[in-house]
Amino acid sequence: MLRYKRFWEKVTSNITTVEVRSLPPTSAAAKYHSLRVYLEVQPEVWGWQLSSGRLDPCTTDLPPAPQLLLKMIRCNCKSDCRSKRCTCRKHGLKCSLACGECKRIGCLNSPSPEPLADCDD
C-alpha cells in the first residue's frame, strides 16, 4: 500500500516521469531480499559447505543410485577407459572386476589400490 501511495504522490506532483528506482521495494522484493541475506548469514544450513575457505554447493547426501543398481553397471571397454564412452566413467563410477574387457587391469578408471596392512605374524 505504501508503494502505491508513494507512486500516486509522485505522479500527481511531478511534471516529469517517475523513476521506478525512487519507489520503495514491493513486499515480494523485500521478502526475497531477506531470504538472500539469511542465506549469506547461514549458508551451511541452506545446502552449502565450507571447504578450503570457500563455499561449495552440496550436490547430494545420497549415493548416486541404490547399491543393487551400482553393482549392475559395468563397461565393456576394449581400451583403457579414458573417455566418456566408458559406461562406468559416464556414471561417475570406478571400473570394477565385473567389467567385461578391462577388469580394472590397465584401466585408468580403476580405484587406487588400497595399501596392504602390515602383518605381525
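This is a predicted model, so every value here is computed, not measured.
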Could you measure the distance from the NZ atom of Lys31 to the CZ atom of Arg36? Nearest 0.5 Å is fine.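 Rounded to the nearest 0.5 Å, the NZ-CZ separation comes to 12.0 Å.
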
State, to 0.1 Å, how close [X] and [Y] come at their nearest heavy-atom pair, and which atoms those are.
| X | Y | answer |
| --- | --- | --- |
| Trp48 | Cys58 | C-SG, 3.8 Å |
| Leu93 | Asn109 | O-ND2, 3.0 Å |
| Leu108 | Arg89 | O-NH2, 3.7 Å |

What I'd like to find out is whether the side chain of Cys99 reaches to under 4.5 Å of the side chain of Cys77, using heavy atoms alone.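 A side-chain contact under 4.5 Å is absent here.
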
Could you check if a side-chain atom of Cys81 sits within less than 4.5 angstrom of a side-chain atom of Cys88, using non-hydrogen atoms only?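 Sidechains of Cys88 and Cys81: no contact.
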
Do Leu55 and Val45 share a hydrophobic cluster (ILVMFWY, side-chain heavy atoms under 4.5 Å, transitive)?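 In one cluster: yes.
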
When you group the ILVMFWY residues by side-chain heavy-atom contacts below 4.5 Å and let the links chain together, are Leu35 and Val37 in the same group?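 No, no single cluster joins them.
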
